[in-house]
Amino acid sequence: METILVVDFGSQVTQLIARRVREAGVYSEIAPFTKAEEAFHRLKPRGIILSGSPSGVPEEGSPRAPQMLFDADIPILGICYGQQVMSHQLGGRVESGDSGEFGRAFLTVTQDCALFDGLWEVGERHQVWMSHGDKVTQFAPGFEIVAISDGAPFAVIADEKRKFYGTQFHPEVVHTPDGAKLIANFARHVCGIAEDWTMAEFRAQKIAEIREQVGDKRVICGLSGGVDSSVAAVLIHEAIGDQLTCVFVDHGLLRQGEAEQVVSLFRGHYDMPLVHVRAEERFLSGLAGVDDPEKKRKFIGKTFIDVFDEEATKVGGADFLAQGTLYPDVIESVSFTGGPSVTIKSHHNVGGLPERMKMALVEPLRELFKDEVRELGRELGLPEQFVGRHPFPGPGLAIRIPGEVTKEACDILRKADAIYLEEIRKAGLYDAIWQAFAVLLPVRTVGVMGDSRTYDRVCGLRAVTSTDGMTADVYPFPSEFLSNVATRIVNEVRGINRVVYDYTSKPPGTIEWE
Ligand code: XMP
């Protein structure tokens with residue numbers, strides 16, 4: 001496969017570079033600078049992109065690219081620190097600036113170069129996003145200036161002979177309006193990659209790999225009803241059919257109709273061997289009297305593993321455990337303290353399982369970003385309603401019921417949540433929102449319905465926009481929408497007599513209430 005290798009020097013936005021390349025239909029992988037040489041030999045890339053970094057080239061001990069990359073006779077694009085480190089390593093000079101350029105800036109194109117072909121013309125001014133203190137003060141032999149900006153005389157430099165390019169700005173962020181096109185130009189035009197990396201191809205390739213890995217052995221997969229585990233299960237099933245058994249641990253903390261949907265989709269539509277474990281009572285009885293959020297999480301996580309393990313034993317065990325691990329969970333990140341560090345998050349629902357069950361892993365989504373998993377789901381024919389679902393936390397409704405979790409509270413919350421989501425879908429807003437859900441508060445307030453006094457619980461509504469769940473903004477519903485939802489919930493859900501809307505962004509709030 002024709003690949004672009006992204007060498008990571010620890011920038012916060014390195015992942016975006018790989019995403020932009022993939023959006024251009026070209027496969028891309030990220031490797032920390034310490035492992036770039038090994039990745040180079042493994043991937044045999046057609047081009048290299050050097051990322052930004054929180055370090056500065058003049059700083060002692062700051063990272064360098066393996067020198068062999070510059071001798072490999074393939075195109076290189078250095079972004080920000082990447083431009084500086086390339087200049088430095090090829091014989092130029094980089095100095096710490098007294099003042100930097102941060103945020104929006106404008107550059108002027110001074111010369112044609114292959115990177116700009118069909119996009120930018122000499123004399124044009126273009127908005128870009130800068131974030132640098134240091135700058136190149138003398139470029140390396142062979143390079144020329146092709147664009148300038150006020151703060152960085154070497155806004156873009158190029159060595160057309162070697163096909164080396166350096167941008168002081170960040171083309172990977174959305175604040176550089178033509179950035180995605182520049183990256184696409186690099187991959188397609190400069191590196192000459194014609195091949196399309198498509199989901200159809202990925203699907204075929206993964207199916208072959210899964211067959212090769214699994215042979216005639218058995219695989220077990222924990223289904224949560226979420227997008228990742230569902231897509232992984234469907235893909236593996238397509239590869240190995242009935243050698244896959246899915247275990248759906250229904251902890252009774254799911255949304256309205258969710259368990260039925262999962263069972264009918266996988267058992268009915270896909271005809272997969274599926275064990276539906278109804279464990280509501282076990283979970284709810286263990287949660288009785290527990291109101292601390294972390295205790296709830298720990299109990300649910302541990303019980304999930306216990307139940308899964310028991311069921312796996314009942315079906316005769318398996319040699320492999322399938323997980324819906326995604327690319328952001330496995331990218332080795334470069335730490336800010338200098339030394340590279342490995343951050344590997346375990347899958348929320350089944351973290352701890354592989355160690356306990358001593359099974360090898362099948363993780364067919366390891367190379368994909370979340371939106372690519374959705375695309376693969378569509379490619380595999382999963383219904384849009386499933387593929388486009390908002391994220392739902394492993395501990396489910398338990399962390400949306402502050403205080404003690406009871407069956408009665410879950411039932412009340414399920415009804416309110418279903419009304420809220422129904423109205424959001426009706427208004428055509430579902431896809432514009434990252435996550436929307438109702439919360440049931442443990443306080444009671446006084447109300448009046450008809451001629452009677454009520455004394456019932458409060459329902460909180462939450463809706464946020466986000467790109468990765470790390471930060472989030474409140475979704476600004478029109479007030480008529482919220483009044484309509486509030487009226488419906490109070491009228492239709494016994495046990496709730498007041499509805500409030502959560503106006504807190506993240507930070508300082510979190511998306512979930514617990
Ligand atoms: P917070 O509340 O931390 O949520 O802003 C960020 C994202 O993570 C989800 N979330 C969880 N997912 N187990 C999960 O599987 C959990 O314990 C958990 N807590 C929060 C949350 O729904 C949001 O998408």
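Atoms within each ligand, like the ligands themselves, are counted from 1 in listed order. One is the number of the first residue; the rest follow in order along the sequence.
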Any N or O on [X] sitting closer than 3.5 Å to an N or O of ligand 1?
X: P395; result: no
X: R400; result: no
X: G469; result: no
X: E514; result: no

- prompt: Taking everything shown except K370 itself, do over 12 heavy atoms lie less than 6.0 Å from its NZ?
  reply: yes

query: Does CZ belonging to R211 count more than 12 external heavy atoms closer than 6.0 Å?
result: yes

message: H390 and ring-ring contact (aromatic ring centres under 6.0 Å, His included): which single residue from W434, Y430, Y475 fits?
response: Y430

field: R22/E375 ion pair, N-O < 4.0 Å
entry: no

For residues 242-256, tabulate all N or O donor-acceptor pairs below 3.5 Å that involve a side-chain atom, not counting sequence neighbours.
residue: Q243; atom: NE2; partner: G215; partner atom: O; Å: 2.9
residue: Q243; atom: NE2; partner: K217; partner atom: O; Å: 2.8
residue: D250; atom: OD1; partner: G252; partner atom: N; Å: 3.1
residue: D250; atom: OD2; partner: H276; partner atom: NE2; Å: 3.0
residue: H251; atom: ND1; partner: L253; partner atom: N; Å: 3.1
residue: H251; atom: NE2; partner: G394; partner atom: O; Å: 3.0
residue: R255; atom: NE; partner: E258; partner atom: OE1; Å: 3.2
residue: R255; atom: NH2; partner: E258; partner atom: OE2; Å: 2.9

Option whose closest heavy atom lies nearest to atom 23 (C) of ligand 1, chosen from Q435, E294, R462, K298: Q435

field: Identity of the nearest option to atom 18 (C) of ligand 1, non-hydrogen atoms only, from R297, E512, K296
entry: R297

What atoms in ligand 1 come closer than 4.0 Å to a heavy atom of [X]?
X: K506; result: 1 (P), 3 (O), 5 (O), 6 (C)
X: G394; result: 12 (N), 13 (N), 14 (C), 15 (O)
X: T510; result: 1 (P), 2 (O), 5 (O)

- prompt: What is the minimum heavy-atom distance between L274 and V262, and which atoms define it?
  reply: CD2-O, 4.5 Å

Sole residue of R366, K35, R19, R42 in salt bridge (Lys or Arg N to Asp or Glu O under 4.0 Å) with E29: R42

